[in-house]
Amino acid sequence: MKYNFLKITLLSILLFPHLGLGGLYAQKISLKECVDVAIKNNLTYRESQILGESANVELSRAKSLIYPRIGFGTGQDLRVGRSIDRFTNSFIEEVYTTNYFGLQANMMLFNGFQIKNQVRQNELLRDAGAKNVEAVKNRTIIGVLQAYLQVLASQELLEVSKQQVETSKSQVERINKQIAAGVVGQSELFQVQSQLVNDEFSLVSSQNANKAARLALFQLMNQSVNNNLIFDSLNEEFLIYTVENQSVEHIFEQAINNFPEIKAGELRMKSFDNQLKATQANVLPQVNLSGNYGTFYSSSNKAESYFKQINGTRSGSLSLDISFPILGRLQNSPRVSAVKIQQQLTQNQLNITKLQIRQAIEQSYQLLSAASDRYKVATNQVNILDQNIKAVESRINAGTVNFIEYVLAKTNFDRAKSNLVQAKYEFLLQNKILDFYKNGEWKIE
């Protein structure tokens, strides 16, 4: 635990170039490390942790009601005028002082199991708070995952754009040599130069898209942008392009059993049962046990010394009290109704959450299926157009094809490579999201 904390702290330092040596050298960071930094710095996640701590405090407060209340008291009185002497029970009229000490204890023996139900209610709310922490963590991870994949996709698209520019530049150089040799005319040069400026424009767009994707990821990690940081590629275990043959209904059933939002809602629903019982207990009889033990000294008793009076006046009592509520201004019935209404609202919110999860699963399943088809088609498209561009380049070198055909072939090939990159990362994202719905948690190593 300590090692992981130090590791995350060091990563945070490296993300701030102005705070250390991390800005002097290119540093790599993995998806797992980005997730750790984002969770560590996420204020919403921290808020959910604080709310969880608050639930633990409320549970401790409820449990404390089980224990007896014990107190010690002492006091010094000054009596003036006519009063009754506590030793002789006769009237006296003088100025004297009294000093007393007392120990009191009080314990609730029965209150309609109100305390028991309050403890159980707070236990369920504590567990619901823990599930809410997991839910906030999951939402943080999915945001980082989406942003991280967007960065990787934009990096690959940027590399594709750079290759396009370099290819066009090489073609411009080749045409210039052919013009110098008198093989081709200026029109071919203009065509290739037009392709070059188009590729350079695409390169600028790809650079801006990459900067925007990096900015979004750094903001999710609550860090300043570090241009020296390199986001590591995904490991082979992550790169899975198969679609499991599972129905939406089956995935939804798994989500209902595993999703922290669902478990938190169900725990809150159960807590209302105990809150309702605790509220209804206000109209039940209460049994209370109390006791006290004390002693006193009075200066009116001149015959006995201070300590002799303290020793001689010791006394105590033990009481068992039973109270029966008869009329409480009819306040408990509205309280019970209010709890029932809150229970209905919570049940409705749970139903809304289930509906949203089901719709999200249906949408993710559809997007995954579409992304799988696009990825297969895009892969085949790149393979075919790669062979086509090589054939066109060979024909150009042989002088059997004009440059308009080459530009068209190259444009189609470049577009196919961009489509493949986008389809690949869209498939990865939807595959991970659907896997998350099945497991109820993210498994990112």
Side-chain angles (χ1 to χ4, degrees), residues 31 34-35 38 131 134-157 160 209 212-213 216-217 220 233-266 348-385 412 415-445:
L31 172 60
C34 286
V35 167
K131 292 299 177 182
E134 291 181 25
V136 174
K137 181 180 179 180
N138 285 336
R139 289 195 291 269
T140 302
I141 293 175
I142 192 173
V144 174
L145 174 62
Q146 290 174 320
Y148 195 92
L149 291 178
Q150 188 62 38
V151 168
L152 295 184
S154 66
Q155 287 177 176
E156 288 198 25
L157 290 173
V160 170
L217 181 53
L220 284 175
S233 58
L234 301 176
N235 55 44
E236 292 298 325
E237 288 76 10
F238 202 97
L239 302 174
I240 301 174
Y241 296 97
T242 58
V243 180
E244 296 183 9
N245 187 20
Q246 288 184 321
S247 65
V248 171
E249 191 64 34
H250 180 68
I251 297 173
F252 178 68
E253 290 176 0
Q254 290 179 301
I256 292 297
N257 294 327
N258 298 322
F259 233 61
E261 284 90 342
I262 300 297
K263 291 183 177 180
E266 291 173 345
N348 188 66
Q349 185 60 49
L350 178 59
N351 293 337
I352 292 174
T353 302
K354 290 181 179 179
L355 177 61
Q356 291 174 341
I357 291 175
R358 184 183 184 86
Q359 292 174 344
I361 291 173
E362 292 172 343
Q363 183 179 22
S364 182
Y365 191 88
Q366 177 64 33
L367 290 174
L368 177 62
S369 178
S372 176
D373 293 338
R374 285 199 302 270
Y375 179 72
K376 292 175 183 177
V377 172
T379 302
N380 188 45
Q381 185 183 36
V382 167
N383 292 334
I384 293 175
L385 293 177
N412 291 334
R415 186 183 298 116
K417 289 194 291 185
S418 297
N419 291 339
L420 178 60
V421 171
Q422 294 171 355
K424 178 178 71 172
Y425 284 101
E426 176 64 20
F427 182 89
L428 284 175
L429 176 61
Q430 296 304 326
N431 202 15
K432 276 297 175 182
I433 290 177
L434 207 59
D435 186 60
F436 164 65
Y437 284 123
K438 289 185 290 187
N439 299 314
E441 60 180 356
W442 291 100
K443 295 180 181 179
I444 297 178
E445 299 298 334

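The pair Glu261-Arg139 meets the salt-bridge criterion, with a side-chain N (NZ, NE, NH1 or NH2) lying under 4.0 Å from an Asp/Glu carboxylate O.
A donor-acceptor pair is defined here as one N or O able to donate and one able to accept, closer than 3.5 Å; such a pair exists between the side chain of Thr379 and the backbone of Tyr375. Of the possible polar contacts, one joining the Asn258 side chain to the Gln254 backbone as a donor-acceptor pair under 3.5 Å is found. Of the possible donor and acceptor atoms, none in the side chain of Ser372 sits under 3.5 Å from a partner among the backbone N and O of Leu368.
Between Cys34 and Val144 the shortest heavy-atom distance is CB-CG1, 4.0 Å. Shown here for Ala213 and Val151, the closest heavy-atom pair between the two residues is O-CG2, 3.4 Å. Annotation for Ala255 and Ile262: closest pair O-CG1, 4.4 Å, computed over non-hydrogen atoms. Of all heavy-atom pairs spanning Val382 and Ala416, the tightest one is CG2-O, 3.4 Å. Listed here is the closest heavy atom pair of Phe252 and Lys354: CE1-O, 3.4 Å.
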(request) Tell me, with the steps shown, if Glu426 and Gln430 meet side-chain hydrogen bond (donor to acceptor under 3.5 Å, both in side chains). (result) CA-CA 6 Å; Glu426 176 64 20; Gln430 296 304 326; 3.0 Å; yes

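Centroid-to-centroid, the aromatic rings of Phe259 and Tyr437 come within less than 6.0 Å.
The environment of Lys137 atom NZ is sparse: at most 12 non-hydrogen atoms of other residues, nucleotides or ligands sit within 6.0 angstrom.
For the atom pair NZ of Lys263 and CD1 of Ile256, the computed distance is 11.5 Å after rounding to the nearest 0.5 Å. With values rounded to the nearest 0.5 angstrom, Leu31 atom CG is found 9.0 Å from Ile141 atom CD1. Distance check: Leu428 CG to Ile433 CD1 gives 11.0 Å after rounding to the nearest 0.5 Å.
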